[in-house]
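Within every chain, numbering begins at 1; the chains are lettered A, B, ... in the order of the sequence lines, protein sequences first and strands thereafter.
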Amino acid sequence: MDTANRALADLRIALVGVPNCGKTALFNRLTGSHQKVANYPGVTIERKEGQFHSREGRRFAVLDLPGTYSFTPTSLDEAITRDVVLGRIRGEPRPDVIVCVADATHMPLSLRLILDLQRLGRPMIVALNRSDIAKRRGFALDVAKLAEKLGVPVVETVAIAPGGTDKLVEALAAFEAVAPLAEAVPLVDGAACAIAAPDRAEAERTQQFVPRLLAEVGYREPLRTRAAARADAILMHPVGGMLVLGIVLFFVFQAVFSWAAVPMDLIEAGVGAIGTWIAGALPDTALRSLLVDGIIAGVGSVLVFLPQILILFFFILVLEDSGYLPRAAYLLDKLMGSVGLSGRAFIPLLSSFACAIPGIMAARTIPSVRDRMVTIMIAPLMTCSARLPVYALLIGAFIPASAAGPFNLQGLVLFALYAAGVLSALAVAWFMKRFTTKRSHHPLMLELPDYQWPDLRSLIVGLWDRARIFLRRVGGVILSLMIILWFLSSYPAPPPGAVGPAIEYSFAGMLGRALHTVFAPIGFNWQISIALVPGLAAREVAVGALGTVYAMSATEAALETALLPVIASSWSLATGLSLLAWYIFAPQCLATLAVVKRETQSWRYPLIMAGYLFALAYIASFITYRAAVALTA
Amino acid sequence: MTDPTRGPVPMSTLHRGARATVHGVLEHTPVIGDALHSTVGQRLVELGFVHGAEVEVVESMWPSGDPLAVRVRGSTFALRRLEAAAVMVVPVNGAS
């Protein structure tokens with residue numbers, strides 16, 4: 001770096017704002033795909049950092065802090081925002097500049113937070129976001145005057161439009177980098193509290209000041225559109241709203257099955273073609289077996305579910321972005337309250353449909369510790385996308401693709417499996433409520449943001465993140481487990497003159513037979529028993545494992561790349577249904593248990609979780625298997 | 001506008017469509033966030049439920065009006081009855 005550049009040292013900025021102010025869209029607009037997600041030192045709050053360069057080549061490190069209404073936190077998430085801004089977290093340098101993202105369509109709420117922040121006396125910029133929408137609805141505000149009153153720069157931003165952050169970047173460029181050494185010293189706890197956590201009287205004084213300040217800067221409140229009022233009248237209607245919610249969820253699950261069919265066929269055909277090509281190109285050695293039976297058959301059978309996972313995440317992101325999810329939480333609050341949960345638990349639980357890990361982490365927004373623990377404990381009962389491969393395989397093999405009225409029968413069964421997960425989650429929550437100490441109050445206090453069109457850029461960034469995480473798992477954990485499994489299923493080689501498939505003489509065969517004694521009562525054969533072991537590491541691996549096991553046990557030289565027809569012909573219906581029932585509860589994948597350990601800071605919860613899930617899975621499979629055998633006999 | 005003959009009532013008693021002016025938030029309210037010592041009252045104040053603010057109940061759930069959706073200062077919040085009961089309001093004439 002030359003001297004000219006050194007003068008323009010990196011600037012660390014932090015985005016702070018009330019929830020739903022469009023902060024994340026702004027973050028995505030500023031940093032694009034240059035994002036890094038990690039944890040804050042010592043705590044398990046997700047730390048989202050990105051960077052961008054100004055035209056002069058100066059680097060800006062951007063931290064996206066969790067949304068908060070005030071510096072008197074009610075949840076772990078909000079506490080982190082306060083602590084980072086105050087430089088109270090060891091190993092996390094205090095940001096040089098705070099960008100307070102204000103929602104122009106909800107000025108009073110944002111302004112109160114701005115006043116709290118401004119009191120800290122830190123370098124700061126106010127970004128007046130969504131100014132375009134606000135203006136269309138009659139919003140007016142003298143930006144220059146507000147900047148003068150507050151004593152900090154105020155710029156208008158439109159996070160969802162190209163170039164919508166130019167003014168912000170320009171204003172940031174005007175800030176000199178603050179010498180990090182002197183500033184990084186954490187404030188004394190007590191002293192910081194006085195400024196940072198205003199008591200109620202203080203909060204009330206600030207609140208009374210807000211309308212006066214707004215009047216002085218010529219503020220005109222944007223109107224609530226008639227369309228929004230009408231939408232709420234339908235979507236939040238006690239009966240109509242519930243109906244719509246049911247239809248929305250049902251549609252999502254139908255879409256997951258029907259839209260994904262074509263891309264899944266393409267991936268399957270592609271994987272099959274690669275397998276055939278390699279099989280033809282290589283001599284019949286252990287290497288060929290490893291590549292074709294181990295890696296391609298195993299990884300390919302998991303990779304094929306990428307389209308379904310992306311479709312599910314697409315809908316979750318759209319529902320979240322549009323402002324519908326908090327309404328769903330409102331609708332379900334009473335129902336969830338009856339089993340001792342807050343409506344707030346709805347959002348973490350919905351995320352758990354994609355993966356229990358982000359769901360468990362999202363539970364941090366739940367203020368009550370007890371509510372949070374119950375939510376974490378039942379999160380794995382929500383059918384995560386990793387179970388989708390297993391469901392999809394089994395449904396494809398055992399449920400005919402016939403039409404049931406206007407619906408696809410396979411889609412209906414999938415919906416029923418999801419419903420079974422939800423109902424058992426409610427039952428478990430109710431059970432936990434009965435046997436833990438009663439708390440009198442579970443607050444909801446959830447903002448219902450304005451409806452908006454989902455931001456395409458954020459949608460793409462979000463989906464790309466998911467695809468990347470999934471592919472990394474396929475390439476990492478899943479690939480290595482497939483190789484280990486291939487080794488276990490190939491060695492030791494069968495004795496000379498042995499009859500039957502080679503895998504029966506291998507380590508995997510021995511292990512499977514040993515486990516088989518445990519799983520025989522619920523109808524699992526030894527191939528399933530083997531597959532369950534790597535399935536512990538990550539559920540979708542079970543499918544890959546079955547792929548490998550069956551590829552290895554093919555007595556013919558014919559290479560089996562398609563798993564579905566094999567199990568359809570070799571398992572009984574009772575076994576298929578039993579395995580489906582098993583996966584409703586399926587003991588957690590190790591990654592989830594590790595996250596629970598980290599989130600709860602103890603071994604107690606992950607152990608209880610693994611234990612109760614195993615027990616439920618075994619009981620459910622036992623009943624399903626016995627009933628199916630009795631009925632089909 | 002405000003009917004002086006009627007004293008403040010808990011916001012939880014308002015029906016859908018009712019408008020009122022906030023009188024104040026009760027002093028003693030439940031604690032939220034067990035470890036963080038923040039109270040429902042303080043958060044309600046921070047959300048905008050302060051003396052003089054106008055509120056409107058935009059939606060409420062059946063059968064018992066729990067939870068309800070209240071609009072204050074241009075923002076809408078879903079509140080459980082217990083939280084809404086901590087806000088004392090004076091109903092605006094002819095709108096309840």
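Counting only heavy atoms from C-beta outward, the side chains of M236(A) and V58(B) never approach each other to under 4.5 Å. At a threshold of 4.5 Å between non-hydrogen side-chain atoms, the residues Y69(A) and L47(B) count as touching. The shortest distance between side-chain heavy atoms of Y330(A) and E59(B) falls below 4.5 Å. Counting heavy atoms from C-beta on, the side chains of R80(B) and D333(A) come closer than 4.5 Å. Residues Q42(B) and R200(A) have side chains in contact (heavy-atom distance under 4.5 Å, counting atoms from C-beta outward). Contact check for V25(B) versus E204(A): no side-chain heavy atoms found under the 4.5 Å cut-off.
Taking CG of D450(A) as the reference point, atom OG1 of T76(B) lies at 7.0 Å (rounded to 0.5 Å). To the nearest 0.5 angstrom, R73(B) atom CZ is 9.5 Å from L111(A) atom CG. Here T72(A) contributes atom OG1 and R43(B) contributes atom CZ; the two are 7.5 Å apart, rounded to the nearest 0.5 Å. A distance of 11.0 Å separates CG in L82(B) from CE in M445(A), rounded to the nearest 0.5 Å. Rounding to the nearest 0.5 Å gives a distance of 9.0 Å between CG of D66(B) and CG of L444(A).
Shown here are the side chain to side chain contact (heavy atoms under 4.5 Å, CB included) partners of V339(A), two or more places apart in sequence or in another chain: L341(A), L426(A), A429(A), W430(A). Applying the side chain to side chain contact (heavy atoms under 4.5 Å, CB included) test to P449(A) and every residue at least two apart in sequence or in another chain returns N20(A), P326(A), R327(A).
Residues of residues 237-245 of chain A having a heavy atom under 4.5 Å from any heavy atom of chain B, listed by number: H237(A), P238(A), V239(A), M242(A). Contacts between residues 215-231 of chain A and chain B, defined by a heavy-atom separation under 4.5 Å, are made by E221(A), R224(A).
Of the possible polar contacts, one joining the Q207(A) side chain to the V45(B) backbone as a donor-acceptor pair under 3.5 Å is found.
Within the 4.5 angstrom heavy-atom criterion, no atom of V18(A) approaches chain B. When heavy atoms are compared at a cutoff of 4.5 Å, A329(A) does not approach chain B at all. For a residue to count as touching a neighbouring chain, one of its non-hydrogen atoms must lie under 4.5 Å from one of that chain's; by this rule L113(A) does not touch chain B. Both the backbone and the side chain of L448(A) come within contact range of chain B, judged by heavy atoms closer than 4.5 Å.
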If you apply the rule side-chain contact (heavy atoms from CB on, under 4.5 Å), what do you find for L331(A) with M61(B), and how did you get there? CA-CA 7 Å; L331(A) 286 171; M61(B) 250 334 242; 3.9 Å; yes
